[in-house]
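Notes to accompany the following structure.
Every chain is numbered from 1 and lettered A, B, ... according to where its sequence line falls, protein lines coming before strand lines.
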2 protein chains.
Amino acid sequence: MNHLIRFKAFQQQVTLSRREICREVFTHHKKNITIKREKTLDKNLLRIFDAALTISNRKGFKAMSMRDLSRETGLSMGGLYAYFSGKEDLLEMLLRTGRTTIQRILSAHVDPVLHPVSKLRVAVQTHIFLSEVLQPWFYFSYMEARHLAPAHKAEAKAGELGTEKLFQDILEQGRSKGLFEVLDSLLTASVIKAMVQDWYVKRWKYAKRNVGVDQYASFVISCVERLCLAQSERQAHAELYAGASGTMVE
Amino acid sequence: MNHLIRFKAFQQQVTLSRREICREVFTHHKKNITIKREKTLDKNLLRIFDAALTISNRKGFKAMSMRDLSRETGLSMGGLYAYFSGKEDLLEMLLRTGRTTIQRILSAHVDPVLHPVSKLRVAVQTHIFLSEVLQPWFYFSYMEARHLAPAHKAEAKAGELGTEKLFQDILEQGRSKGLFEVLDSLLTASVIKAMVQDWYVKRWKYAKRNVGVDQYASFVISCVERLCLAQSERQAHAELYAGASGTMVE
DNA sequence: GTCTATATACGGATAGAC
DNA sequence: GTCTATCCGTATATAGAC
């Protein structure tokens with residue numbers, strides 16, 4: 001059984017969850033939010049997020065002024081402070097929201113898959129596809145997490161190590177069943193993560209080269225399998241990535 | 001013949017080149033530098049670089065104020081402007097200097113090696129070792145290049161693509177000789193670069209885990225060879241990385 | 001709930017003394 | 001060549017009108 005799907009199909013499953021994002025924000029930041037009506041809150045919060053990510057990903061969060069944000073959202077400077085208590089609070093809000101959303105969707109896709117070989121593929125593919133759907137969030141998190149206050153930075157690092165642990169666990173599970181051959185599951189998980197991250201960090205590069213997300217995902221999967229699969233398994237799966245550099249069967 | 005060395009030996013070869021760095025800066029930025037005496041220039045320029053990298057890598061270049069820089073260097077605010085015309089000029093200076101220095105040293109180590117298999121290993125190892133010696137420069141370049149003005153950003157991107165081309169050329173050279181088996185040399189070069197970069201971008205992670213630079217370099221080399229080497233070559237080299245997760249023969 | 005106007009601080013850059 | 005003192009723009013945040 002092959003759990004891999006194409007990006008288009010994946011996209012249709014996850015784009016809807018924006019409402020859920022707002023609920024998540026509210027539970028963690030209600031003390032700094034003075035807006036009462038839920039409908040107003042949701043609408044403007046999403047505008048603020050969109051605008052903040054757009055501007056920050058262009059010029060950096062620190063360089064984004066409240067005037068920029070006011071102009072881009074259509075809200076006044078004073079009005080913005082009804083949604084967060086200050087820039088630092090906004091930064092934390094954006095990073096926490098991104099982190100929890102990503103983890104939630106990732107788990108939802110990966111957890112149900114049981115066989116280590118499939119699970120590894122699904123984890124890699126879902127991570128890449130998700131980073132495509134939520135590209136601004138991923139890029140922002142990657143670039144701005146280091147500017148958090150120490151306490152919140154620790155949470156961000158824990159999240160980072162968490163997704164790495166996800167890969168590591170799959171590798172060890174597969175190794176114990178004789179499916180994988182890895183020297184060091186922790187370092188292997190690290191390089192898998194590095195390959196996966198390159199997609200959203202260096203997006204300009206792949207755009208320039210006309211490398212699409214389906215192609216990149218299947219390429220990384222082929223690399224990962226070449227790195228991890230035991231000899232016997234590699235031959236069994238060989239035909240799946242042998243010639244197909246651009247496509248992956250559904 | 002094995003061209004790989006340990007990090008300690010590598011370090012002794014390259015730490016000296018700080019003077020050369022200053023000469024490089026001067027040729028590109030003399031129009032903005034009012035200092036005449038070479039000795040004063042060199043001494044203070046290096047102080048400024050050290051300080052700017054330290055502060056920026058902690059809080060970001062944008063967040064570093066001239067007052068911060070003044071305090072850290074011991075120079076006055078006014079005095080600083082004898083070495084560069086403004087913050088933007090300083091940013092450009094730091095990035096250009098890092099880029100050219102890195103390329104110079106990388107070429108010096110990689111170019112003399114002719115056999116593709118050795119060349120690939122040396123390229124990977126040198127890149128990782130160099131990023132260890134010049135860690136603040138690499139990290140700064142990685143994080144701040146996006147804040148350059150468009151014209152200079154193009155140069156930075158070109159540099160990035162240049163080192164990737166270095167890997168790609170080695171791969172194609174080796175492929176044409178039947179030493180490597182790679183589906184897509186460009187994408188393979190990309191993921192190699194991603195693995196190499198993880199060392200200096202996520203340094204905190206490896207420090208926490210007590211993974212040293214020799215260990216990381218040899219691990220990445222083993223991954224790269226597993227990804228690239230043709231079946232025949234892989235068996236020939238198997239003993240070099242089979243059990244040794246931490247060391248690489250000199 | 002959202003706006004305009006403003007308080008207050010901090011930023012980069014420079015003028016002019018030594 | 002380097003320092004001190006200062007200019008002036010822009011930043012965040014808030015007070016109070018509507």
Side-chain angles (χ1 to χ4, degrees), chain A residues 22 25-26 29-52 55-56 58-94 144 147-149, chain B residues 22 25-26 29-52 55-56 58-94 144 147-149:
Chain A
C22 293
V25 173
F26 190 68
H29 290 261
K30 61 180 101 185
K31 70 178 183 306
N32 295 326
I33 298 176
T34 66
I35 307 294
K36 296 293 162 228
R37 277 183 45 217
E38 188 169 310
K39 189 154 185 182
T40 318
L41 180 66
D42 283 10
K43 177 171 63 84
N44 286 335
L45 216 46
L46 290 176
R47 288 179 69 83
I48 291 169
F49 287 171
D50 269 349
I55 301 167
S56 296
R58 192 172 55 234
K59 56 158 84 167
F61 183 77
K62 172 80 192 184
M64 176 190 73
S65 72
M66 294 301 285
R67 284 175 179 80
D68 291 335
L69 193 57
S70 162
R71 201 178 317 118
E72 185 85 13
T73 56
L75 293 170
S76 69
M77 294 238 323
L80 287 172
Y81 285 86
Y83 297 88
F84 48 82
S85 68
K87 254 187 107 175
E88 198 175 309
D89 187 42
L90 174 59
L91 175 61
E92 201 214 315
M93 206 155 101
L94 284 163
E144 306 292 353
H147 299 129
L148 281 168
Chain B
C22 292
V25 173
F26 190 68
H29 291 262
K30 60 180 101 183
K31 69 177 186 304
N32 296 325
I33 298 176
T34 67
I35 307 296
K36 296 294 163 227
R37 277 184 44 216
E38 190 169 310
K39 190 155 184 179
T40 319
L41 180 66
D42 283 9
K43 179 170 62 81
N44 285 336
L45 216 43
L46 290 176
R47 289 179 69 82
I48 290 169
F49 287 170
D50 269 350
I55 302 167
S56 296
R58 193 170 56 234
K59 54 159 84 169
F61 183 78
K62 172 79 189 182
M64 176 190 73
S65 70
M66 294 301 288
R67 285 169 179 82
D68 290 335
L69 192 59
S70 162
R71 202 180 314 118
E72 184 87 11
T73 55
L75 294 169
S76 69
M77 294 246 306
L80 287 172
Y81 285 86
Y83 297 88
F84 48 83
S85 69
K87 255 188 107 175
E88 197 174 311
D89 188 42
L90 175 59
L91 175 61
E92 202 214 314
M93 206 156 103
L94 285 163
E144 306 292 353
H147 299 129
L148 282 167

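- Among the nucleotides dT2(C), dG12(C), dT12(D), the one closest to the side chain of Thr40(A) is dT2(C).
- The CE atom of Met64(B) lies 10.0 Å from the CD atom of Glu72(B); values are rounded to the nearest 0.5 Å.
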Scan nucleotides 16-18 of chain D against the protein and return all N/O pairs shorter than 3.5 Å with their distances rounded to 0.1 Å.
none

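- Taken from OG in Ser85(B) to CD1 in Ile33(B), the straight-line distance is 10.0 Å, to the nearest 0.5 Å.
- Screening residues 74-89 of chain B for salt bridge (charged side-chain N to carboxylate O under 4.0 Å, His left out), with sequence neighbours left out, gives no hits.
- Phosphate proximity of dT2(C) to Tyr83(A): present, with a side-chain N or O under 4.0 Å from OP1 or OP2.
- Atom pair Tyr81(A):OH and dA5(C):P shows a separation of 18 Å (rounding to whole Å applied).
- Nucleic acid contact for Asn44(A): sugar-phosphate only, since backbone atoms but no base atoms lie under 4.0 Å from a heavy atom of the residue.
- The two residues Val25(A) and Met93(A) have their closest heavy-atom pair at CG1-CG, 3.7 Å.
- Here Leu45(A) contributes atom CG and Thr73(A) contributes atom OG1; the two are 11.5 Å apart, rounded to the nearest 0.5 Å.
- In this structure, the CE atom of Met64(B) is 14 Å from the C1' atom of dA13(C), given to the nearest Å.
- A distance of 11.5 Å separates NZ in Lys30(B) from CG in Leu41(B), rounded to the nearest 0.5 Å.
- Proximity of Ile48(A) to Leu90(A): side-chain heavy atoms (C-beta onward) are separated by under 4.5 Å at one or more points.
- Distance Met66(A) CE to dG11(C) P: 18 Å, rounded to the nearest Å.
- We find the SG-CD distance between Cys22(B) and Glu38(B) to be 9.0 Å, quoted to the nearest 0.5 Å.
- Look at CG on Asn32(B): it is 16 Å from P on dG1(D), rounded to the nearest Å.
- Remark: Lys59(A) pairs with Asp68(A) by the salt bridge (Lys or Arg N to Asp or Glu O under 4.0 Å) rule, at least two apart or across chains.
- Summarising the geometry, atom CZ belonging to Phe84(A) is positioned 9.0 Å from atom CG belonging to Leu94(A); distances are rounded to the nearest 0.5 Å.
- Distance, Ile55(B) CD1 to dG11(C) P: 12 Å, rounded to whole Å.
- Rounded to whole angstrom, the span from the CG atom of Asp89(B) across to the P atom of dG12(C) amounts to 15 Å.
- Counting to the nearest Å, the C1' atom of dT2(D) and the CG atom of Leu69(B) are 15 Å from each other.
- Just one of Thr40(A), Asn44(A), Asn32(A) meets the side chain to side chain donor-acceptor pair (under 3.5 Å) condition when paired with Tyr83(A); it is Asn44(A).
- Every residue two or more places apart in sequence or in another chain that forms a side chain to side chain donor-acceptor pair (under 3.5 Å) with Glu144(A) is listed here: His147(A).
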Contact list (N/O, under 3.5 angstrom) for nucleotides 3-6 of chain D vs protein:
unit_1, atom_1, unit_2, atom_2, d
dC3(D), OP2, Ser76(B), N, 2.9
dC3(D), OP2, Ser76(B), OG, 3.0

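- For Glu88(B) and dG11(C), the CD to P distance is 19 Å, given to the nearest whole Å.
- For the pair Arg37(B) and Ser85(A), both in contact range of DNA chain D, the more 5′-proximal nearest nucleotide belongs to Arg37(B).
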Pairing annotation in dot-bracket form, given for DNA chain C with Watson-Crick or G-U pairs under 3.5 Å and | for cross-strand partners: ||||||||||||||||||
